[in-house]
Protein chains: 2
Amino acid sequence: MPYISTVNVNGVRAAAGKGLLAWLAATEADIVCVQETRATDEQVAAALAPALDAGWQLSHAEPESKGRAGVGILSRRAPSAVRVGFGSSEFAAAGRYLEADFDDVTVASVYVHSGDAGTVRQDEKYRFMAELGAYLSARTGDFVVAGDWNIAHTERDLKNWKGNLKSAGFLPQERAWIDELLAAGYVDVVRQLHPEGDGPYSWWSYRGRAFDNDSGWRIDYHLARGDLAARAKDAVVERAASYDQRWSDHAPVTVQYR
Amino acid sequence: MPYISTVNVNGVRAAAGKGLLAWLAATEADIVCVQETRATDEQVAAALAPALDAGWQLSHAEPESKGRAGVGILSRRAPSAVRVGFGSSEFAAAGRYLEADFDDVTVASVYVHSGDAGTVRQDEKYRFMAELGAYLSARTGDFVVAGDWNIAHTERDLKNWKGNLKSAGFLPQERAWIDELLAAGYVDVVRQLHPEGDGPYSWWSYRGRAFDNDSGWRIDYHLARGDLAARAKDAVVERAASYDQRWSDHAPVTVQYR
DNA sequence: CTTGTTAAG
DNA sequence: CTTAACAAG
């Protein structure tokens, strides 16, 4: 029943003015996970005012540091419960994790650091991965965590994999972490429904002609566990949402769950 | 003989793309003083490349702090000498003063701080004023200092003078400093040629409808001394240069010297 | 190449 | 309201 989409909006205030609102008005999704709102609760509500007026419910995890991170969940019906962050992690209030309970499913919106190989920001990414991994592995039941994981799992998940073997987002330790999540019972829903071929990519750099050349990365996943994973169908990356005018460097990843 | 213009370009890189280059290609001025290039020597040369290719000569005083200040002099013929800064001032390398000798005249391009009443930035402005005033008062001969002085001299030099009696740019101490320069032998050339009426303003805030309402300030002056002052004619503020598309919040102030 | 923050204007 | 630097992406 739930029709769930996830998209890194790369600044909700900028995205709202460029096409996010139109996309929200047109989508058939019931639940939309967003990442990188880069705004306070108040600013997000202001940017999405037309959507909220049209009935969308907003749950949001505000980032501590201004202009960074920030994740939210938009839903046609209000969730029965919302939880910001996970555990007593150093990232509890980082605006990187939010989960919401709906009648038939619990949905989380996650934003993993992009990282930068060999820097403190990569160490921070690893710490986040460790804590998030422990939290997710301990969870049971029907559950889907959708968001920007900033990790391409396999060679089929990025166009130029040979050139990125030492790049943040495709490092062995990062890829192994996705393996662990799958081993813990999570299913990469889009890959399950697209077992063959490369992609579909969900992020294209703004630099050069990356989008036109489809030189992208698949770093936005739905990781579902329990009964939910088997119910997934029609997983699509809405690349076309970016054709007219790009309103983010990511495209929505949308899955229908029966 | 010299036809001299001054304009605060408010970022030469932004201005070049929006109309400064077209204005330079069309102006009849022989010497153009510019302020707030907000760029290094190299960046200014790159931004003005088409103008330099067309024959304009560039002299530039690079700001110490990136993205701030920076003054230059563009001339159809190369100056015989160029001097950056004045004396051993704390502002010697601030990118706020540059003078160049031409066959028949010495021209300086100056950029006085905008200031902020009651803050350290206002104190800095006062220190700059004191040092510049001492330097200019000691000078003799034919000489013109053109630039952004960031001070409206009298009630006729800004639209809303009543509301700005306590604002930086119209403070008693600032206005008195202009009086001192005039007493030292400098002539406010535009005012001399426009003895009646308000303005002509040379700066309009980007906020609100300031430009459309001509709610501006006259803060860009040619201060000339010696024979030169008497030779001035046809002093105009080229407000029309901003009609199509504004490429700065200031307009060029152009004077023909016989 | 883009977003948002910041300082300066 | 705008410029440019910066940090992050």
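In the text below, chain A, chain B and the rest are named by the order of the sequence lines, each starting its count at 1.
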Minimal heavy-atom distance between B/Ser109 and B/Val34, with the atoms involved, is OG-O, 3.1 Å

Does the structure place the NZ or CZ of A/Arg175 under 6.0 Å from the centre of the six-membered ring of A/Phe170, at an angle of no more than 45° from the ring's axis? yes

Sorted by chain and number, sequence neighbours left out, side chain to side chain donor-acceptor pair (under 3.5 Å) with A/Trp247 holds for none

In B/S/- notation (B base, S sugar-phosphate only, - none; protein heavy atoms under 4.0 Å), nucleotides 3-9 of chain D written 5' to 3' is BSSS-SB

For B/Asp148, is there any backbone N or O sitting under 3.5 Å from a side-chain donor or acceptor partner on B/Tyr221?
no

Hits for side chain to side chain donor-acceptor pair (under 3.5 Å) against A/Ser215, two or more places apart or cross-chain, chain-then-number order -> none

Outer limits of DNA chain C sitting under 4.0 Å from a non-hydrogen atom of chain A, read 5' to 3', are C/dC1 to C/dT6

Distance col, row B/Ser5:OG vs B/Ile31:CD1, nearest 0.5 angstrom, shows 11.0 Å

Answer yes or no: does atom CG of B/Asp244 have more than 12 heavy-atom neighbours from other residues, nucleotides or ligands under 6.0 Å? no

Please tell me whether A/Tyr97 and A/Glu99 have a donor and an acceptor in their side chains that are separated by less than 3.5 angstrom. yes

Expected list for residues 154-170 of chain B near DNA chain C, using heavy atoms below 4.0 Å, is none

### Task
Establish, from distance only, whether the side-chain atoms of B/His60 and B/Thr37 form a donor-acceptor pair under 3.5 Å.
yes

Salt bridge (charged side-chain N to carboxylate O under 4.0 Å, His left out) pairs touching residues 154-171 of chain B, sequence neighbours excluded, are B/Asp157-B/Arg191, B/Asp157-B/Arg218

